[in-house]
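A quick note: this is a predicted structure, and the numbers were derived from the prediction, not measured. Chain A is the first sequence line, chain B the second, and so forth, proteins listed ahead of strands; every chain is numbered from 1.
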2 protein chains.
Amino acid sequence: MSRWEPNARGRLAEAALELYRERGYEQTTVAEIAKRAGLTERTFFRHYADKREVLFSGAGELQELFVRAVAGAPESAAPIDALARGLDAVSEAFAGRRAFARARHAVITANAELRERELIKLASLSAALAETLRRRGVTEPAAGLAAEAGVAVFKIGFERWLADDGEREMAESVREALSVFRAVAAGK
Amino acid sequence: MSRWEPNARGRLAEAALELYRERGYEQTTVAEIAKRAGLTERTFFRHYADKREVLFSGAGELQELFVRAVAGAPESAAPIDALARGLDAVSEAFAGRRAFARARHAVITANAELRERELIKLASLSAALAETLRRRGVTEPAAGLAAEAGVAVFKIGFERWLADDGEREMAESVREALSVFRAVAAGK
DNA sequence: CTAGTGATGTCAGTGACTGTCATCGACCCT
DNA sequence: AGGGTCGATGACAGTCACTGACATCACTAG
């Protein structure tokens, strides 16, 4: 039998989301999160760089998934079509997680510091996508612009999916966003 | 003669940029900034909400300028063309300020917290542009997507302008970015 | 002349985050 | 079995961003 309860990291993330929902991000102290997880404040900071990061541990996997799908698109695919592959892949990854995504998103949008952190995760995603497109032979500034566009479509498709009352899949919302995006860029 | 030196706010902003350049953002304390400006730490926080904000006091004016230009575009202009008006307007506003913009941008890109703050200013700009487009009759999700696109073009055009060795005007870099953006969205 | 105003100073907090050292089960080697 | 190392955690002191409360005092309106 091990010395400590397992999955300290996960317990911290769970406790943090609970507390942020119950009393808000600012009204929650790290000491309280740690206590609920049965740990100390110092241990919290060994697992997460700061009080915000605890909500974003999944960002790395999402980025990897997106990038892999774009990198795996046919060589002949135009940048925007390669990005569409990535958008499909991440959309699938959210299937069945709408309730969780909504709860987390509500917490984030309620606080400016958390919104900032979310934006820098999206910026990191954009940078990774741009790099992937460059590796596919896309030159600047097209790679950077296409990557920003892909992220914008993801963000807005995601938000519309969360706002939707029905049972529409995220992939559908994202595809709609992409289609509208193309029309707007074409001057419609 | 007045009781205090005038322009406390401006002195704080100047002192902050100097110190952030000299020894980096993290290695600078608010007390040091205040001291260089001939004020106290408490007064710093009366003028700026936090240590980051002191670099972003111009963001409000930029947003207003952008929004006004978009709102003032001919009613018949498509969203992307209305945004192009705004891009031209803000580009003009940077004329002759490349050295300052470069120094400030170098400080910001060197620090994650400052990058976060910059991103949220751009997100605020995007939200304001989306609202402006909605007032022009553009529906969602087109308004949000077009606004994100406009901000992406601004960001990349701006960065390319800063990186450029020659004397190319910002408006030119931004127009090039917009043109490449249209091509990418069209699947080129 | 007097009361009020507004920008600043002073001071005592709270809480996020860090560096450092101690603890002690688990695991490995002999 | 015994001893040594390792890794996750705890304990504790410290720095600094940021806040609330109250004092100060040149300037100004009446």
Side-chain angles (χ1 to χ4, degrees), chain A residues 1-57 107-108 110-118 120-121, chain B residues 1-57 107-108 110-118 120-121:
Chain A
M1 186 183 146
S2 65
R3 189 172 172 192
W4 299 282
E5 291 298 309
N7 194 25
R9 210 180 146 82
R11 272 152 48 215
L12 286 166
E14 196 178 341
L17 181 57
E18 281 175 22
L19 284 163
Y20 293 171
R21 291 183 74 181
E22 285 171 20
R23 49 179 103 163
Y25 171 80
E26 283 185 1
Q27 283 64 49
T28 303
T29 70
V30 173
E32 288 166 347
I33 297 169
K35 190 174 180 190
R36 182 169 296 199
L39 296 163
T40 63
E41 189 180 358
R42 190 66 184 86
T43 297
F44 176 96
F45 288 109
R46 288 200 179 93
H47 286 279
Y48 297 101
D50 58 49
K51 193 184 164 186
R52 294 160 284 283
E53 199 64 19
V54 69
L55 287 182
F56 296 89
S57 59
V107 168
I108 291 170
N111 180 269
E113 284 182 46
L114 293 173
R115 285 199 302 273
E116 284 188 346
R117 182 55 50 88
E118 167 134 270
I120 211 168
K121 295 296 180 186
Chain B
M1 186 186 142
S2 63
R3 189 172 173 192
W4 300 283
E5 291 297 309
N7 194 26
R9 207 180 149 81
R11 272 153 49 215
L12 285 166
E14 196 178 340
L17 181 57
E18 281 174 22
L19 284 163
Y20 293 171
R21 292 183 73 180
E22 285 170 20
R23 49 178 104 161
Y25 170 81
E26 283 185 2
Q27 283 64 48
T28 303
T29 70
V30 173
E32 288 166 347
I33 297 168
K35 189 174 181 187
R36 182 169 296 198
L39 296 163
T40 64
E41 190 181 356
R42 191 66 184 87
T43 297
F44 177 95
F45 287 109
R46 288 202 179 93
H47 286 279
Y48 296 102
D50 59 49
K51 193 183 164 186
R52 284 140 273 180
E53 199 64 20
V54 68
L55 288 182
F56 296 90
S57 59
V107 168
I108 291 171
N111 179 270
E113 285 183 46
L114 293 173
R115 285 199 303 274
E116 284 188 346
R117 181 55 49 89
E118 168 136 89
I120 211 168
K121 297 295 181 186

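- A straight line from CG of A/Leu12 to C1' of D/dA8 spans 12 Å, rounded to a whole angstrom.
- Put simply, CD on B/Gln27 is 16 Å from P on D/dT15, counting in whole angstrom units.
- For B/Glu32 and D/dC18, the CD to P distance is 15 Å, given to the nearest whole Å.
- Atom CZ of B/Arg3 and atom P of C/dG9 are 9 Å apart (whole Å).
- Atom CD of A/Glu26 sits about 5.5 Å away from atom CG of A/Asn111, to the nearest 0.5 Å.
- The side chain of B/Thr40 contributes no N or O atom lying less than 4.0 Å from OP1 or OP2 of C/dT8.
- Smallest separation of non-hydrogen atoms from B/Ala34 and B/Leu12: CA-CD2, 4.0 Å.
- Comparing A/Tyr25 and B/Arg11 by the nucleotide of DNA chain C that holds the closest heavy atom to each, the one mapping nearer the 5' end is B/Arg11.
- In this structure, the CH2 atom of B/Trp4 is 7 Å from the C1' atom of D/dA26, given to the nearest Å.
- Here the side chain of B/Arg11 pairs a donor or acceptor atom with the backbone of B/Pro6 at under 3.5 angstrom.
- Taking the side chain of B/Arg42 as heavy atoms from C-beta on, and the options D/dA11, C/dT10, C/dT8, the nearest nucleotide is C/dT10.
- Put simply, the side chain of A/Val54 reaches to within 4.5 Å of the side chain of A/Tyr20, judged on heavy atoms.
- The residues A/Glu113 and A/Lys51 are annotated as not salt-bridged, no charged nitrogen and carboxylate oxygen being separated by less than 4.0 angstrom.
- A salt bridge does not link A/Arg52 to B/Glu116: none of the charged side-chain nitrogens sits closer than 4.0 Å to a carboxylate oxygen.
- Atom-to-atom, CZ of B/Phe44 to P of D/dA17 comes out at 9 Å; the value is rounded to the nearest Å.
- Close to D/dA8, at under 4.0 Å from its OP1 or OP2, lies no side-chain N or O of A/His47.
- Interatomic distance, CH2 of A/Trp4 versus CG of A/Leu39, reported as 10.5 Å (0.5 Å rounding).
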Close N/O contacts between protein and nucleotides 14-16 of chain C (under 3.5 Å):
unit_1	atom_1	unit_2	atom_2	d
C/dA16	OP1	A/Thr28	O	3.4
C/dA16	OP1	A/Lys51	NZ	3.4
C/dA16	OP2	A/Val30	N	3.4

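- Between the P atom of C/dC24 and the CD atom of A/Glu5 lies a distance of 18 Å, rounded to the nearest Å.
- For A/Arg46, counting side-chain heavy atoms from C-beta on, the closest listed nucleotide (D/dA11, C/dT8, D/dC25) is D/dA11.
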